[in-house]
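Quick notes on the structure that follows.
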Amino acid sequence: MTCWPEPMTDPTPQAPHLVLVDGSGFIFRAFHALPPMTNPDGVPVNAVYGFATMLARLLREHAGTHLAVLFDASRLTFRSELYPQYKAHRPEPPEDLRPQFSLIREATQAFGVPGIELPGWEADDLIASYATAIRAAGGTCTIVSSDKDLMQLVGPGVCMLDPIRQTPIGPAEVEVKFGVPPEKVVDVQALMGDPTDNVPGVPGIGPKTASALVNEFGTLEAVLDAAPDMKKSKRRDMLVEHAQAARLSLQLVTLARDVPLPVPLEELVTRDPDLTILAEWLSRMGFRSLLSRMGMTPQPASVHAHRSARATAHASANGLPTPTAQDTATSAPAQAISSAPYDKYETVRTAHDLQKWITAAQEAGLCAVDTETDGLDPLNARLVGFSIATAPGQACYVPLRHAGTLEAHTGEQLEPDTALNLLRPLLEDDTTLKVFHNAKFDLLVLDHAGLAMDHTRAVDDTMLISYSQSAGLHGQGMDELSALHLGHDPISYDSVTGTGRARIPFAQVPVEKATTYAAEDADVTLRLWHVLHPTLRTNQALALYEQIERPLVAVLADMEKAGIAVDRAELARLSADFEARMKDMEAGIFSAAGREFNIASPKQLGEILFDEMALKGGKRGKAGAWSTDSAVLQELADQGHDLPARVLEWRQLSKLKSTYTDALSRQASSAGRVHTSFQMAITTTGRLSSTDPNLQNIPVRTEEGTRIRQAFIAPEGRRLISADYSQIELRLLADVANIPTLREAFHMGQDIHARTASEVFGIPIEDMDPLTRRRAKAINFGIIYGISAFGLGRQLGIPAGEARSYIDTYFARYPGIRDYMERKKEEAQTYGYVLTPFGRRCYVPGIAEKSAARRQYAERQAINAPLQGGAADIIKQAMVRLPRALHEAGLHSARLLLQVHDELLLEADAHEAEAVARTAKNVMEAAATLSIPLVVETGIGQNWAQAH
DNA sequence: GTTTTCACG
DNA sequence: GACGTACGTGAAAACC
């Protein structure tokens with residue numbers, strides 16, 4: 001759903017593309033979204049700054065052939081004649097905003113962009129009229145605004161762009177917002193009214209009812225016509241009674257598309273700004289960061305120059321720009337991507353027909369493939385069928401193992417082996433790009449079915465293409481992306497198989513129904529590729545995707561296949577031990593409580609502690625229930641109370657037993673190994689996550705926890721090798737914030753927390769006492785999390801005021817870290833996302849929240865994400881390089897097994913273990929070049945606890 | 001299905 | 001003056 005015409009380097013003449021900025025709408029939004037700031041004259045300029053930043057960005061990244069900014073001219077418009085109350089009770093703009101209106105008009109002049117207004121008309125009407133005019137002239141249009149009143153204009157050739165979040169608003173987004181397509185938005189608005197503008201609407205009808213009615217009857221007029229015949233209800237009476245108000249509302253919300261254009265289209269041609277004028281104005285406003293970001297002073301490299309230099313160095317350092325099939329793949333006509341139907345699919349039942357599809361794919365050089373299985377675990381699932389799409393709207397489904405039922409005759413099906421043998425050359429063909437959505441799953445399924453993964457070539461993954469540029473902005477599921485980018489809701493899996501008890505295995509879904517679902521998934525995947533792959537370049541995410549995310553798929557697939565061995569007998573012994581100890585503790589807990597209860601129930605425990613025993617120090621959660629988490633219980637235990645201390649101990653055992661010892665035994669394969677699944681597109685920072693089971697949260701911090709780690713073992717004659725980065729996030733911080741003394745400490749291999757303690761508290765490092773070091777360590781961790789006095793105080797068990805003074809001292813000593821934090825907050829506010837040092841975008845959606853608590857939460861995310869995400873980028877790079885390095889070192893017995901954020905766990909024959917540890921250390925330490933060395937510590941053992 | 005708790009980095 | 005607080009995850013159990 002990108003709004004922008006394809007690459008600007010394209011030499012072919014383009015149809016005109018008009019960018020219309022809703023200046024008036026932007027002013028208010030920016031004013032409320034941005035923190036207060038003033039220019040050197042003391043005039044408030046936060047909205048002006050936001051506006052200038054947005055214009056600069058627009059000119060740099062999204063310039064159409066034509067550009068204009070539209071403003072409201074006055075309060076009185078044709079609407080106030082129609083209905084005097086329209087917008088009559090709008091409060092005066094805030095005092096800090098008033099002086100900014102004229103400055104924003106100045107900004108348009110400084111940037112050399114036409115600013116247009118016309119008395120009697122709102123900016124929205126001008127936008128509607130210009131959009132109509134450019135369409136009539138054969139061009140397209142992007143409206144830079146997030147105003148819902150403009151959404152009625154979205155349609156072919158017209159889309160919107162949220163100026164703050166930088167996200168496109170197309171038909172899909174409009175439909176999410178209003179529940180109807182753009183052309184019916186006015187009908188919905190007329191029914192629901194708008195209290196802020198005094199649009200009356202029909203009382204009692206809100207967004208849900210309005211869209212339901214319009215969807216049912218088609219238009220407002222049809223709804224009003226049908227109203228008298230509806231079944232008797234309050235709603236019917238309201239509709240009948242307020243029909244005239246609704247018709248008036250429709251006139252008020254409908255934008256005029258035929259306003260005379262004050263400036264003709266041809267005068268809106270985009271021009272480069274006069275840099276002298278612009279620089280002068282920016283300096284006068286005090287926008288120094290913007291000035292340097294636009295490269296207009298000889299200041300050190302700007303944020304963006306820095307970023308792209310890194311990304312480029314990064315890509316070339318890897319050295320493998322392997323030509324892939326997509327360079328040769330032909331692009332589908334843009335029109336077909338959105339307009340081809342989603343319901344004309346073929347069921348393939350013969351070898352001849354399948355070969356026809358495979359040949360078509362190879363001729364196109366591009367196809368999408370999707371597998372259907374009888375389960376979600378790709379290591380055990382059986383292949384039930386697969387689908388192939390060769391062009392938008394052209395897709396087939398190949399059923400292999402559908403079972404006939406009384407209701408559904410399956411018809412002829414290809415023999416699975418026959419079909420797979422026909423498919424094999426396509427997968428192994430490195431000149432035909434195969435697009436999957438979540439390729440790791442399908443590749444593992446096909447591998448399990450007999451098409452070995454390591455022979456598969458030229459694969460793209462739309463889930464990762466999207467994640468590489470929109471982590472944190474939205475989910476990466478196919479259905480969600482389809483709605484978002486294609487404006488199409490695919491058939492849901494649930495509607496095909498049913499849900500709950502009625503759910504049937506996919507193999508029992510009738511073949512015709514399976515075809516509509518499965519072929520559509522391949523079709524959607526291919527269309528998503530057409531829409532999303534080009535945006536990798538414009539979003540500067542191509543290197544990240546090609547060098548890191550895509551090659552990681554095969555590495556993780558191998559790790560999942562390998563699994564890790566567990567000692568089931570030991571797990572069983574631990575379960576029995578934990579159970580016995582819990583049983584022993586129960587009598588004591590009940591006697592301390594005065595009665596029997598369910599110890600695992602926080603509700604019952606809270607009532608006993610705080611109602612029945614009336615202990616002090618209880619806190620209620622937001623639902624009003626007593627909190628009984630370990631911090632609360634520990635506090636009570638420290639006061640000498642017996643029951644909370646006993647419950648704490650019981651809880652630890654219960655957790656370990658249910659979540660680990662029992663569960664892991666169940667999850668182990670017959671070969672005694674457990675196979676996790678790594679999720680590549682879940683986290684907002686770029687980290688992996690692990691599920692079914694989660695092997696990234698195996699206990700380690702307590703003695704009982706260590707016993708569980710001991711149950712993860714190397715088989716006879718083999719060893720586990722652990723390699724973990726030391727202080728990687730702090731090193732990244734010292735690097736990006738450029739803190740000379742911290743960099744020196746890392747270069748010297750000093751104890752970083754002791755060094756911090758020494759500098760902050762002024763104690764010689766050799767005299768460091770453990771308590772002071774502990775405080776410095778807590779501050780260092782706090783910094784990475786976006787420190788708050790409350791959080792640090794709680795962590796250290798000291799009052800927030802005291803924590804505040806530690807933080808102040810810390811910042812006084814390391815002002816560069818405060819600067820880093822401010823930069824990241826500003827980056828998030830300006831763009832809606834922050835970048836890791838390697839160019840990964842992490843979206844921070846709450847950054848413009850009105851609620852201070854939620855906004856501050858987003859600010860802490862903005863501070864943390866580049867560090868956590870930067871560390872994730874580094875270890876991923878190491879994982880991509882490690883298999884080849886091990887191979888080249890002749891260490892053929894080594895296998896990567898697990899990644900735990902800053903640790904890699906490998907398994908190898910005992911005699912190769914030392915060499916594997918050295919290779920892992922070398923590759924991991926060389927995965928990124930910072931101003932600070934990366935240090936990796938390794939260990940070797942028969943079990944994970946020993947190796948760690 | 002949501003909430004609470006707690007395991008990890 | 002109250003809010004709701006350190007960042008990122010996933011699983012189990014209780015509870016609705």
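Lettering follows sequence order; numbering is per chain, from 1.
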A:Tyr467 atom OH is separated from C:dT9 atom C1', nearest whole Å, by 11 Å
task: Kindly say if A:Ser851 contacts the phosphate of C:dC3, meaning a side-chain N or O under 4.0 Å from OP1 or OP2.
output: no
C:dC3 and B:dA7: how far apart are their C1' atoms, nearest whole angstrom? 29 Å
Taking atom types as they are modelled, would you say the side chain of A:Lys603 forms a donor-acceptor pair with the base of C:dC15 within the 3.5 Å cutoff? no
A:Arg701 has its side chain closest, among B:dG9, C:dA11, C:dT9, to B:dG9
Rounded to whole Å, the OH-C1' distance (A:Tyr660 to B:dA7) equals 3 Å
Exercise. Check if the side chain of A:Arg854 and the base of C:dG4 share a donor-acceptor pair of N or O atoms closer than 3.5 Å.
Key: no
What's A:Leu792 touching, base or sugar-phosphate or nothing? Going by heavy atoms closer than 4.0 Å.
base
Between CG of A:Asp902 and C1' of B:dC8 the distance, given in whole Å, is 10 Å
Note to self: What contact category does A:Gln795 fall into here, base, sugar-phosphate, or nothing, at under 4.0 angstrom with non-hydrogen atoms?
What the structure shows: base
With the side chain defined as heavy atoms from C-beta on, A:Ala853 is closest, among C:dG8, B:dC8, C:dG4, to C:dG4
From CD1 of A:Ile708 across to C1' of C:dA12 the rounded distance in Å is 14 Å
With the side chain defined as heavy atoms from C-beta on, A:Tyr785 is closest, among C:dT5, C:dA13, B:dG9, to B:dG9
- Task: Return yes if a side-chain donor-acceptor contact under 3.5 Å exists between A:Gln942 and A:Gln710, otherwise no.
- Result: no
C:dA2 -> Watson-Crick or G-U wobble partner, both distances under 3.5 Å, gives none
| message | If the cut-off is 4.0 Å, is A:Asn598 near the phosphate of C:dA14, judged by side-chain N/O to OP1 or OP2? | response | yes
Practice task
For A:Gly786, report the nucleic acid contact type (base, sugar-phosphate, nothing); a contact means any heavy atom under 4.0 Å.
Solution key: nothing
Between CH2 of A:Trp626 and P of C:dA14 the distance, given in whole Å, is 22 Å
Taking OP1 and OP2 of C:dG10, is either one under 4.0 Å from a side-chain nitrogen or oxygen of A:Ser689? yes
Quiz item: If you measure only the distance, is there a donor-acceptor pair under 3.5 Å linking the side chains of A:Ser690 and A:Gln899?
Solution: no
From the candidates C:dA14, B:dA7, C:dA12, the one with an atom nearest any side-chain atom of A:Ala600 is C:dA14
Per nearest nucleotide of DNA chain C, the residue lying toward the 5' end, A:Gln856 or A:Ala663, is A:Gln856
Can you see if the side chain of A:Arg687 gets near the phosphate of B:dG9 - specifically, an N or O under 4.0 Å from OP1 or OP2?
no
If pairing means Watson-Crick or G-U wobble with both distances under 3.5 Å, then the partner of B:dT5 is C:dA11
*Give one of base, sugar-phosphate or nothing for A:Tyr857, where a contact means two heavy atoms less than 4.0 Å apart.*
sugar-phosphate
(Q) Does either side chain, that of A:Gln877 or that of A:Asp873, offer a donor lying less than 3.5 Å from an acceptor on the other one? (A) no
Stepwise, does the salt bridge (charged side-chain N to carboxylate O under 4.0 Å, His left out) test hold for A:Lys876 with A:Glu549? CA-CA 8 Å; A:Lys876 282 178 168 179; A:Glu549 298 294 344; 2.8 Å; yes
Exercise. Judged by atom type as modelled, is there a donor-acceptor pair below 3.5 Å linking the side chain of A:Ser851 to the main-chain atoms of A:Arg854?
Worked result: yes
Of C:dT9, C:dG4, C:dG10, the nucleotide closest to the side chain of A:Asn694 is C:dG10
In whole angstroms, the gap separating P of B:dC8 from CZ of A:Phe678 amounts to 17 Å
Side-chain H-bond candidate by donor/acceptor type, A:Tyr814 with A:Glu759, under 3.5 Å: yes
Quiz item: With distance as the sole test, does A:Ser654 use its side chain to make a donor-acceptor pair with the main-chain N or O of A:Trp650 at under 3.5 Å?
Solution: no
Atom CZ of A:Arg709 and atom P of B:dA7 are separated, to the nearest Å, by 13 Å
Of the listed C:dT5, B:dG9, C:dA14, the closest approach to the A:Val700 side chain comes from B:dG9
Ignoring backbone atoms, test whether A:Gln861 places a side-chain nitrogen or oxygen under 4.0 Å from the OP1 or OP2 oxygen of C:dG8. yes
Quiz item: Heavy atoms under 4.0 Å, any strand shown: does A:Ile787 hit a base, just sugar-phosphate, or nothing?
Solution: base
Kindly determine whether A:Glu586 and A:Lys583 satisfy salt bridge (charged side-chain N to carboxylate O under 4.0 Å, His left out), including the steps that lead there.
CA-CA 5 Å; A:Glu586 278 167 19; A:Lys583 193 98 190 112; 3.8 Å; yes
Side-chain atoms of A:Arg860 come closest, of C:dA11, B:dA7, C:dC7, to C:dC7
| query | What distance, rounded to whole Å, do you find between the two P atoms, one in C:dT5 and one in C:dG1? | reply | 22 Å
Exercise. With distance as the sole criterion, do the side chain of A:Gln868 and the base of C:dC7 form a donor-acceptor contact below 3.5 Å?
Worked result: yes
Discussion item. Strictly below 4.0 Å: does A:Ser630 bring a side-chain N or O up to OP1 or OP2 of B:dC6?
Written reply: yes
For a quick check of understanding: with a heavy-atom distance under 4.0 Å over all strands, which category does A:Thr684 fall into, base, sugar-phosphate or nothing? sugar-phosphate
Categorize A:Ala778 for me: base, sugar-phosphate, or nothing, with a 4.0 angstrom heavy-atom threshold over every strand shown. base
Among the nucleotides C:dA14, B:dT5, C:dT5, whichever has the atom closest to the side chain of A:Phe790 is C:dT5
| said: Any side-chain N or O of A:Thr628 below 4.0 angstrom from OP1/OP2 of B:dT5? | reply: yes
Quantified in whole Å, what is the C1' atom distance between nucleotide C:dA2 and nucleotide B:dC6?
-> 29 Å
In whole angstroms, the gap separating P of C:dG10 from CD of A:Gln899 amounts to 13 Å
Of the listed C:dG8, C:dA12, B:dT4, the closest approach to the A:Arg666 side chain comes from C:dA12
